[in-house]
Amino acid sequence: QVQLVESGGGLVQPGGSLRLSCAASGSIFSIYAMGWYRQAPGKQRRMVASITSGGSTNDADSVKGRFTISRDNAKNTLYLQMNSLKPEDTAVYYCSSSYYELDYWGQGTQVTVSS
């Protein structure tokens, strides 16, 4: 069992930066693949970035070069550094974890990019 709690969202101007955090508890964090997803109103939830238990990363085309996913296994924490933010990045951002058939989701944190 894994519990996930996202934090770090908020209101930011276009071109600004935010760092999201996802604190995990309840199981062995290091063995889980982790990812960030986002969902805007009326839109499908989509993967933003993922990181395997071995540290390999993958980014969605829409965020490549702007967002960086990382994990600190000693702190049981997943991060998403978001730079050069655009209005179209506005969404609820969700943390996820996966280990074989086991999948978990956080409650989400709102990111709003607006002038």
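Numbers for residues simply follow the sequence, beginning at 1.
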Seminar exercise, completed: In terms of heavy-atom contacts, Gly9 and Thr109 come closest through N-OG1, 3.2 Å
For this session: Identify, with sequence neighbours excluded, every residue that meets salt bridge (charged side-chain N to carboxylate O under 4.0 Å, His left out) alongside Asp89.
Result: Arg38, Arg66
Exercise. What pair of heavy atoms forms the shortest contact from Ala23 to Thr77, and how long is it?
Worked result: CA-OG1, 4.5 Å
Problem set entry | Any side-chain heavy-atom pair of Tyr104 and Tyr32 under 4.5 Å | yes
Exercise. Is there any salt bridge (charged side-chain N to carboxylate O under 4.0 Å, His left out) pair reaching into residues 103-115, and which pairs are they, with sequence neighbours excluded?
Worked result: none
Exercise. If you look only at pairs with a residue in residues 68-115, which of them pass as a disulfide (SG to SG under 2.5 Å), with sequence neighbours excluded?
Worked result: Cys22-Cys95
Exercise. For Gln107, does the CD atom sit with more than 12 other heavy atoms under 6.0 Å from it, leaving out its own atoms?
Worked result: no
Exercise. By the rule that ILVMFWY residues connect when side-chain heavy atoms come within less than 4.5 angstrom, directly or transitively, which residues belong alongside Tyr94?
Worked result: Tyr37, Met47, Val92, Trp105
Problem set entry | Val2 to Ala24 - nearest heavy-atom pair and separation | CG1-CB, 4.3 Å
For this session: Starting at CE of Met34, measure out to OG of Ser70 and round the result to the nearest 0.5 Å.
Result: 11.0 Å
Problem set entry | Joint hydrophobic cluster, Trp36 plus Val5, side-chain heavy atoms closer than 4.5 Å | no
Exercise. Does Gln13 reach the main-chain N or O of Ser115 with its side chain, forming a donor-acceptor pair under 3.5 Å?
Worked result: no
Exercise. Which pair of non-hydrogen atoms, one from Val63 and one from Val48, has the smallest distance, and what is that distance?
Worked result: CG2-O, 3.5 Å
Problem set entry | Interatomic spacing from CD1 in Ile31 to CG in Leu102 - rounded to 0.5 Å | 8.5 Å
Exercise. Does any non-hydrogen side-chain atom of Asn76 lie less than 4.5 Å from one of Ser25?
Worked result: no
For this session: Test Val12 against Ser17 for side-chain contact (heavy atoms from CB on, under 4.5 Å), laying out the working first.
Result: CA-CA 7 Å; Val12 64; Ser17 298; over 6 Å; no
Exercise. Do you know the tightest heavy-atom contact between Leu78 and Phe29?
Worked result: N-CZ, 4.1 Å
Seminar exercise, completed: Those residues at least two apart in sequence (or on a different chain) that pass side-chain contact (heavy atoms from CB on, under 4.5 Å) with Val111 are Leu18, Leu20, Met82, Tyr93, Val113
For this session: Return each pair, listed once, that meets side-chain hydrogen bond (donor to acceptor under 3.5 Å, both in side chains) where at least one residue sits in residues 50-59; pairs must be two or more places apart or across chains.
Result: none
Seminar exercise, completed: All heavy atoms of Ala40 vs all of Ala91, minimum pair found to be N-CB, 3.8 Å
